[in-house]
There are 2 protein chains.
Amino acid sequence: MNQLDATFAALADPTRRAILARLIQGEASVMELAEPFAMSQPSISKHLKVLEAAGLISRGRDAQRRPCRLEARPLAEANDWLERYRNIWEGNFQRLDALLGAMQAEKAPGEADQ
Amino acid sequence: MNQLDATFAALADPTRRAILARLIQGEASVMELAEPFAMSQPSISKHLKVLEAAGLISRGRDAQRRPCRLEARPLAEANDWLERYRNIWEGNFQRLDALLGAMQAEKAPGEADQ
DNA sequence: TCTGTATATAGCCAAATGGGTATATACCTC
DNA sequence: GAGGTATATACCCATTTGGCTATATACAGA
């Protein structure tokens with residue numbers, strides 16, 4: 001699984017997105033991260049494993065605690081991928097496309113593209 | 001499954017991302033979309049079903065063809081979600097955090113936060 | 001109406017996912 | 001070193017996923 005696959009797959013789960021959102025505020029232990037969820041600790045550990053494998057978190061050591069910290073780099077790559085579609089969702093592409101189509105339609109037959 | 005779940009899950013597969021990339025250039029039939037892949041037509045149809053369920057494509061009718069067109073709106077929502085992390089991946093947050101930490105450390109004990 | 005083309009559906013299968021419980025491990029404190 | 005806390009691991013289970021082949025459906029054109 002490549003980086004982009006792993007990133008998007010990790011983001012596809014609402015529990016994992018909530019964990020990442022929590023980590024915006026700073027490091028947190030597994031217990032702290034688990035607290036808001038009606039879910040067992042091992043299940044949270046599994047989600048953290050997915051996030052770590054995707055490079056979205058890194059883990060330290062503080063006595064028994066393994067604090068998680070956000071690693072946003074893969075999010076930047078996901079953002080880069082999405083950027084290619086920005087023109088389209090902003091509607092500019094469709095308008096430009098329609099404009100170019102109209103211009104082409106006005107051309108005399110056989111005229112070359114510019 | 002909510003919209004963001006469906007969007008990120010759809011984007012987690014490289015075949016589906018390639019299909020979306022192809023659709024930037026405009027509508028395409030299933031056969032046209034399948035052509036670059038060493039994969040059966042039914043498998044492509046399944047991927048298209050996932051993309052359609054996520055609202056990332058819509059489908060028309062042109063004789064036997066069911067042309068696919070890109071629907072970028074859900075990508076905008078995914079982008080909005082990622083935006084919250086932009087400060088972090090750009091490193092500004094860490095620097096700001098460090099700055100705030102340093103400012104706090106300089107304060108006389110007992111002084112209130114501003 | 002028959003034939004070909006484009007697409008969808010059904011059913012099969014192996015692997016991955018997301019949850020659970022029980023238990024192991026690591027580390028601190030007394 | 002005994003007990004407590006934090007976390008990880010091992011299994012179990014049901015569901016989903018992503019591929020396949022075979023077949024059905026929809027439509028065009030001769």
Side-chain angles (χ1 to χ4, degrees), chain A residues 1-23 26-71 74, chain B residues 1-23 26-71 74:
Chain A
M1 192 154 64
N2 73 33
Q3 179 62 64
L4 223 37
D5 289 5
T7 303
F8 283 129
L11 296 182
D13 184 281
T15 301
R16 290 193 292 262
R17 287 198 308 277
I19 288 172
L20 293 179
R22 162 65 184 79
L23 291 175
E27 290 193 359
S29 70
V30 177
M31 293 302 264
E32 287 165 349
L33 291 173
E35 191 273 328
F37 301 102
M39 197 180 292
S40 68
Q41 169 265 315
S43 294
I44 296 292
S45 281
K46 267 195 197 175
H47 282 302
L48 295 176
K49 205 167 187 176
V50 172
L51 290 169
E52 189 175 18
L56 286 163
I57 63 171
S58 61
R59 326 207 44 184
R61 174 63 86 177
D62 166 30
Q64 309 96 323
R65 295 177 192 80
R66 302 288 316 280
C68 300
R69 81 159 37 227
L70 186 56
E71 296 290 341
Chain B
M1 189 154 67
N2 72 34
Q3 179 61 63
L4 222 38
D5 290 4
T7 303
F8 283 129
L11 296 181
D13 184 280
T15 301
R16 289 193 293 260
R17 286 199 307 278
I19 288 173
L20 293 179
R22 163 65 185 79
L23 290 176
E27 289 194 357
S29 71
V30 176
M31 293 304 265
E32 286 166 350
L33 292 172
E35 192 273 328
F37 302 103
M39 195 179 295
S40 67
Q41 169 264 314
S43 296
I44 297 291
S45 280
K46 266 195 196 177
H47 282 303
L48 295 177
K49 206 168 186 175
V50 172
L51 290 169
E52 190 175 18
L56 285 163
I57 64 172
S58 60
R59 325 207 45 184
R61 172 64 85 176
D62 166 30
Q64 308 95 325
R65 294 175 192 82
R66 303 287 317 279
C68 301
R69 81 158 41 224
L70 186 55
E71 296 290 341

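Numbers restart at 1 for each chain; the letters A, B, ... are given by sequence-line order, proteins then strands.
The distance from atom SG of B:C68 to atom CG of B:L51, rounded to the nearest 0.5 Å, is 8.0 Å.
Not one side-chain nitrogen or oxygen of B:R61 sits closer than 4.0 Å to the OP1 or OP2 atom of C:dA6. A sub-4.0 Å separation between OP1 or OP2 of D:dC20 and a side-chain N or O of B:S40 is present. In this model, the phosphate group of D:dA8 is approached by a side-chain N or O of A:R66 to a distance below 4.0 Å at OP1 or OP2.
Side-chain atoms of A:Q41 stay outside donor-acceptor range of the base of D:dA6, with no qualifying N/O pair under 3.5 Å.
We find that CG of A:D13 is positioned 13 Å from C1' of D:dT16, with the value rounded to whole Å. Rounded to whole angstrom, the span from the CZ atom of B:R17 across to the P atom of D:dG18 amounts to 12 Å. Rounded to whole Å, atom P of D:dA6 lies 6 Å from atom CZ of A:R65.
Closest to the A:S45 side chain, of the nucleotides D:dG18, C:dC28, D:dT9, is D:dT9. Closest contact between the side chain of B:S43 and the listed nucleotides C:dT7, D:dC20, D:dT7 involves D:dC20.
Across the helix from C:dT1-D:dA30 to C:dC30-D:dG1, the helix axis at one end is tilted relative to the axis at the other end by 10° (nearest 10 degrees, each axis from five pairs).
Sorted by residue number, the members of residues 46-59 of chain B with any non-hydrogen atom under 4.0 Å from DNA chain D read B:K46, B:H47.
Between A:L20 and A:I57 there is a side-chain heavy-atom pair separated by less than 4.5 Å. In this structure, B:L33 and B:L23 have side chains that are in contact, with non-hydrogen atoms separated by less than 4.5 Å.
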